[in-house]
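The basis for the numbers below is simple: all heavy atoms, side chains too, and nothing from hydrogens, waters or symmetry mates. Reminder, nothing fancy here: chain letters follow the sequence lines and each chain counts from 1.
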There are 4 protein chains.
Amino acid sequence: MDTTDPTPPYEQIRRQIAAAIEQGAFEVGAKLPSVRQLANDLGIATGTVARAYRELEHGGLIHSRRGQGTTVLASPRPTADLLEEQTLAYIAQARALGVDDDTIVAAVARSLG
Amino acid sequence: MDTTDPTPPYEQIRRQIAAAIEQGAFEVGAKLPSVRQLANDLGIATGTVARAYRELEHGGLIHSRRGQGTTVLASPRPTADLLEEQTLAYIAQARALGVDDDTIVAAVARSLG
Amino acid sequence: MDTTDPTPPYEQIRRQIAAAIEQGAFEVGAKLPSVRQLANDLGIATGTVARAYRELEHGGLIHSRRGQGTTVLASPRPTADLLEEQTLAYIAQARALGVDDDTIVAAVARSLG
Amino acid sequence: MDTTDPTPPYEQIRRQIAAAIEQGAFEVGAKLPSVRQLANDLGIATGTVARAYRELEHGGLIHSRRGQGTTVLASPRPTADLLEEQTLAYIAQARALGVDDDTIVAAVARSLG
DNA sequence: GTGGTCTAGACCACG
DNA sequence: GTGGTCTAGACCACA
């Protein structure tokens, strides 16, 4: 929770959980923390967490049942897909700087060292 | 302007201008479009643009003087610095996926092709 | 059981049983499934079924006695009455669309074809 | 607003507005009452109305813009379509009573008289 | 003025 | 205990 970020809290939570699910941080069928638990941990109102969960459910990533908690529905996306997505975004950014491809490869190689 | 993004419009504008300045899209001392002009171009309220400018001024990137418009203060950061920053961020993300360095280099090379 | 419908489950059950009784699906004095049985069949909690039964008893359609199960009290309403009720409701809806009577008759005839 | 109905208030509002739009009670581009106005008229909290509007927007029926109010997006569905939908639902109900087609036609004709 | 959101506490429905 | 919702009032972002 970054109170500096103008992004509303429910959206920050939604994004973090979505990212975690897509990266396979949860097994399919795993239970997310309860609304009250997470609200308490983050020091925010339960309604805010409930909204984040609701939107995730609307997006098909999780499923909530009264009295039974909230479970993860989505299979983690393959790491290869996530890596490609990140890589393409990085390359687009770098090219926007006017840098040529060799320079990009060189920059990656150097920073990895 | 992405009205789907819950990020407030003033923040979207701020980020775009900040990125443009850092990439050298403006000379130091160059004048930004007037609040009214930009608001008109984007079809939004002047207050929204004013808020973006105010935050940029607070961050030391620009300076507004009554009757004289808004000028760019910040020197463009060297492309090499921006590239390195982006590259390090990308590598951190990729490693968070549990990917080894060779795979990263391979992904970059393939996506550049 | 439609978990998409925000209508609470106990109400969905209540409506279905009430409709079945009114249509004569049960003899007067017939026994409804036990709370446990129905809860098990539907895969829901016994309390939810109990709530539906309680409301039906409150409405005078059924009667529950400890140890003896739940019996149907209401006589099935004559089919003619139910049909007339449905027909009047349908006509009211259709007229609310601004449709004249001939058009209604025509719509029914066509849809029956 | 029917406080007897277990359906949550935000859903009742959503359904009523959706039905009104589909029946052409609003012109495309017409403005809905403001969140505060409607909340005040109905004697409920603004958040409840806001949620109903949010879900309608999510369904593509309306569009809300901060500072500018809420406008109707969806074209009213043709009356003929709505009539057919109602008619088919009515016929299905009637047939579920074990009534033959001639009886249905007769019932409609009699009730129209 | 408009919509968007948060909070804090409360009650309901469900297991 | 769990999720779902409502309220009342508050602040923010925007026109």
Side-chain angles (χ1 to χ4, degrees), chain A residues 1 3 6-13 31-40 42-57 62-71, chain B residues 1 3 6-13 39-40 42-52 54-55, chain C residues 1 3 6-13 39-40 42-52 55, chain D residues 1 3 6-13 31-40 42-54 56-57 62-71:
Chain A
M1 291 291 310
T3 58
T7 303
Y10 82 86
E11 175 68 7
Q12 292 187 39
I13 297 169
K31 299 188 69 164
L32 290 178
S34 78
V35 170
R36 285 169 178 73
Q37 182 64 49
L38 188 51
N40 191 46
L42 299 177
I44 61 179
T46 59
T48 305
V49 175
R51 168 133 188 217
Y53 278 18
R54 191 194 314 146
E55 308 242 332
L56 285 164
E57 175 154 32
I62 68 176
H63 184 53
S64 295
R65 278 164 302 187
R66 274 189 293 211
Q68 302 194 70
T70 300
T71 52
Chain B
M1 292 289 311
T3 59
T7 303
Y10 81 86
E11 174 68 6
Q12 293 186 38
I13 296 169
N40 192 46
L42 297 177
I44 60 180
T46 57
T48 306
V49 175
R51 169 84 189 264
R54 192 192 322 145
E55 309 252 332
Chain C
M1 291 291 309
T3 59
T7 303
Y10 80 85
E11 174 68 6
Q12 293 187 38
I13 296 169
N40 191 46
L42 298 178
I44 61 181
T46 57
T48 305
V49 174
R51 169 85 189 263
E55 308 251 333
Chain D
M1 290 289 310
T3 58
T7 303
Y10 82 86
E11 175 68 6
Q12 292 187 38
I13 297 169
K31 299 188 69 164
L32 289 178
S34 79
V35 169
R36 285 168 178 74
Q37 182 65 48
L38 187 52
N40 191 46
L42 298 177
I44 60 179
T46 59
T48 305
V49 174
R51 169 134 186 217
Y53 277 18
R54 192 194 313 147
L56 285 164
E57 176 155 32
I62 67 176
H63 184 53
S64 296
R65 279 163 302 185
R66 274 188 292 210
Q68 303 194 71
T70 300
T71 52

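Note that OG of Ser64(D) and CG of Leu32(D) are 8.0 Å apart. Values are rounded to the nearest 0.5 Å. Taken from CZ in Arg36(D) to CG in Leu38(D), the straight-line distance is 12.5 Å, to the nearest 0.5 Å. With rounding to the nearest 0.5 Å, the separation of CD1 in Ile62(D) from NZ in Lys31(D) is 12.5 Å. In this structure, the separation between CE on Met1(D) and CD on Gln12(D) is 5.0 Å, given to the nearest 0.5 Å.
When rounded to the nearest whole Å, the span between CG of Leu56(D) and P of dG3(E) equals 13 Å. Rounded to a whole Å, the CG atom of Leu42(C) is 15 Å from the C1' atom of dG15(E). Whole-Å rounding puts the Leu32(A) CG to dG4(F) P distance at 12 Å. When the C1' atom of dT2(F) is taken as reference, atom OH of Tyr53(A) falls 11 Å away, rounded to whole Å.
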Protein-proximity profile, nucleotides 5-15 of chain F, B/S/- by nucleotide at the 4.0 Å heavy-atom cutoff, equals SSSB----BBS
Could you give the side-chain donor-acceptor pairs of residues 43-55 of chain A under 3.5 Å, partners two or more places apart or in another chain?
from	atom 1	to	atom 2	distance (Å)
Arg51(A)	NE	Glu55(A)	OE2	3.1
Arg51(A)	NH2	Tyr10(A)	OH	3.4
Arg51(A)	NH2	Glu55(A)	OE2	3.3
Tyr53(A)	OH	Pro33(A)	O	2.7

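Close to dT2(E), at under 4.0 Å from its OP1 or OP2, lies a side-chain N or O of Ser34(D).
In this structure, Pro9(C) and Arg66(A) approach most closely via the heavy-atom pair CD-NH2, 3.3 Å.
Glu11(C) contributes no side-chain N or O that, together with a main-chain N or O of Pro6(D), makes up a donor-acceptor pair within less than 3.5 Å.
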With pairs defined as Watson-Crick or G-U wobble and both distances under 3.5 angstrom, please note down DNA chain E as a dot-bracket string, | for pairing with another strand.
||||||||||||||.
